[in-house]
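Indexing begins at 1, ligand by ligand and atom by atom, following the structure's order.
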Amino acid sequence: MDFPSNLMRKLELRRENESLRSLPSQNTMIDFSSNDYLGFAQDQELFDKVHEELEIYAPRIGSTGSRLLSGNFELHEALEVQIANFFKAESALLFNSGYDANVGLLSSVPQRGDLIFYDETSHASIRDGIRLSNAKSLKFKHNDLDELRIKLENAGQAVQRYVVVESIYSMDGDVAPLEELASMATTYNFKLIIDEAHSTGVYGSKGDGMVNELNLTASVFARIYTFGKAAGCHGAAVVGSPLLKQYLVNFARSFIYTTAMPPHSVLAIKNSLLLLESTQNRTKLQENIELFKKTSDKLGLDAIFIKSDSAIQCAIISSNAKVKKISLQLNAHNFDVKPIISPTVPIGEERIRFCIHSYNTSADIKEILFLLSTFV
Ligand SMILES: Cc1ncc(COP(=O)(O)O)c(C=O)c1O
């Protein structure tokens with residue numbers, strides 16, 4: 001059957017711009033690419049515990065339907081209580097992914113007549129949620145609170161105002177100024193929504209995220225925690241007030257019109273949160289992040305790295321062709337890194353995104369950076 005010519009042209013354009021995507025094959029290279037910051041996705045004890053509990057509590061494959069129909073089990077409800085307690089929130093609602101959580105929350109909560117202000121580098125799931133909502137939206141320059149203030153002052157009347165940020169930005173690895181934003185929420189009368197995808201499991205005394213680390217829970221309207229990154233599982237939760245939960249159960253379409261999370265995933269998140277409380281891997285991860293930064297400074301690479309204290313460290317290498325080439329050179333030395341090309345990031349800001357893990361060795365960290373210094 002013919003493939004539509006306008007779609008064909010779009011694919012050709014991507015090929016011309018060196019931005020055509022394809023699925024990478026599974027590999028056994030040294031991992032500087034995955035979001036498995038603490039190694040939980042491959043933790044044998046966690047794996048065994050989940051299977052043991054699956055046999056005992058839920059020896060079944062699927063959840064059979066939406067949470068509002070046949071798919072609501074005690075396991076889901078118990079996990080939501082555990083999540084709320086873990087993240088110091090009044091209540092929690094599970095979603096099948098962080099993408100679903102952001103789309104569900106942002107498409108249903110802001111109404112016509114409301115205004116959403118969001119950071120220009122926000123994750124696609126935040127943007128897609130905003131695009132589906134009936135509210136008007138305004139983006140502000142990345143982490144630029146002066147510009148946000150100006151936009152808040154000049155935006156005119158709104159029934160309700162929302163500001164959406166990520167605590168750690170997924171493509172830059174830097175942090176949002178959460179304390180200032182929390183105090184601005186009162187001065188400028190907006191509701192603050194914080195996506196904690198990349199701080200879940202990594203920040204906070206037990207991995208309960210940056211909002212808890214900074215003791216800001218009372219100033220935040222909704223927080224999004226995802227379990228596919230440091231927690232090593234899949235799925236996400238929106239935490240906030242019981243009324244927010246009730247509202248989402250009634251209006252968030254990505255929660256309502258989808259099959260509930262299967263028991264295996266529920267038990268994986270349950271046990272991953274328990275493991276987060278006791279793991280030493282967070283300390284190891286912090287040590288590795290420090291070593292990575294110290295080594296890149298020593299090699300004179302600090303000029304190309306975006307300033308970041310998180311597990312995401314990005315070296316800007318402009319042009320899709322160049323960033324792809326250097327990433328392939330690192331792959332050839334058995335290091336798994338991925339080029340982040342435009343249009344995922346703006347043209348000229350293409351980058352190699354290094355994800356640091358608790359299980360990366362000091363020798364590997366030093367070698368990958370040495371290689372990078374010879375390739376750029
Ligand atoms: C900031 C941010 N929010 C949300 C998501 C989506 O989470 P999930 O992978 O669970 O769909 C991601 C994933 O890359 C992310 O980086």
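In summary, the atoms of ligand 1 found under 4.0 Å from a heavy atom of S170, numbered by their order in the structure, are 16 (O). Less than 4.0 angstrom separates some heavy atom of N102 from each of these atoms of ligand 1: 3 (N), 4 (C). When each atom of ligand 1 is checked for a heavy atom of A197 under 4.0 Å away, the hits are 1 (C), 2 (C), 3 (N), 15 (C).
The protein heavy-atom contact nearest to atom 6 (C) of ligand 1 is Y99 N, 3.5 Å. When hydrogens are left out, the protein atom nearest atom 15 (C) of ligand 1 is H123 CD2, 3.3 Å; that is the closest non-hydrogen contact. Among protein heavy atoms, the minimum distance from atom 10 (O) of ligand 1 is reached at G98 N, 2.7 Å. The protein heavy atom nearest to atom 3 (N) of ligand 1 is D195 OD2, 2.6 Å.
E12 has a carboxylate O that lies under 4.0 Å from a charged side-chain N of R9, or vice versa, which qualifies the two as a salt bridge.
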ask   = Where do D309 and K293 land on the salt bridge (Lys or Arg N to Asp or Glu O under 4.0 Å) test, with the steps shown first?
value = CA-CA 8 Å; D309 293 325; K293 284 165 58 77; 3.0 Å; yes

request  = Check the pair E53, K49 against salt bridge (Lys or Arg N to Asp or Glu O under 4.0 Å), reporting the backbone distance first and the verdict last.
outcome  = CA-CA 6 Å; E53 291 198 354; K49 183 85 185 138; 3.6 Å; yes

task = Let me see the working for D146 and R149 under salt bridge (Lys or Arg N to Asp or Glu O under 4.0 Å), right down to the final yes or no.
result = CA-CA 5 Å; D146 290 336; R149 273 190 205 95; 3.0 Å; yes

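Assignment of G228 to the shell around ligand 1 is not supported, since no heavy atom sits closer than 4.0 Å. Under a 4.0 angstrom heavy-atom cut-off, K229 registers as being in contact with ligand 1.
Using cut-offs of 30° and 60° for the angle between ring planes, the F32 and F354 rings count as perpendicular.
The part of H198 lying near ligand 1 is the side chain, judged by heavy-atom distances below 4.0 Å. With a 4.0 Å heavy-atom cut-off, ligand 1 is reached by no atom of D100.
A donor-acceptor pair under 3.5 Å is absent between the side-chain atoms of H51 and the main chain of D48, judged by distance alone.
The N/O atoms of E166, backbone and side chain alike, include none that comes under 3.5 Å of an N/O atom in ligand 1.
You'll find the side chain of V337 reaches within 4.5 Å of the side chain of N331, heavy atoms only.
A donor atom on one side chain and an acceptor atom on the other are not found under 3.5 Å apart for D172 and S308.
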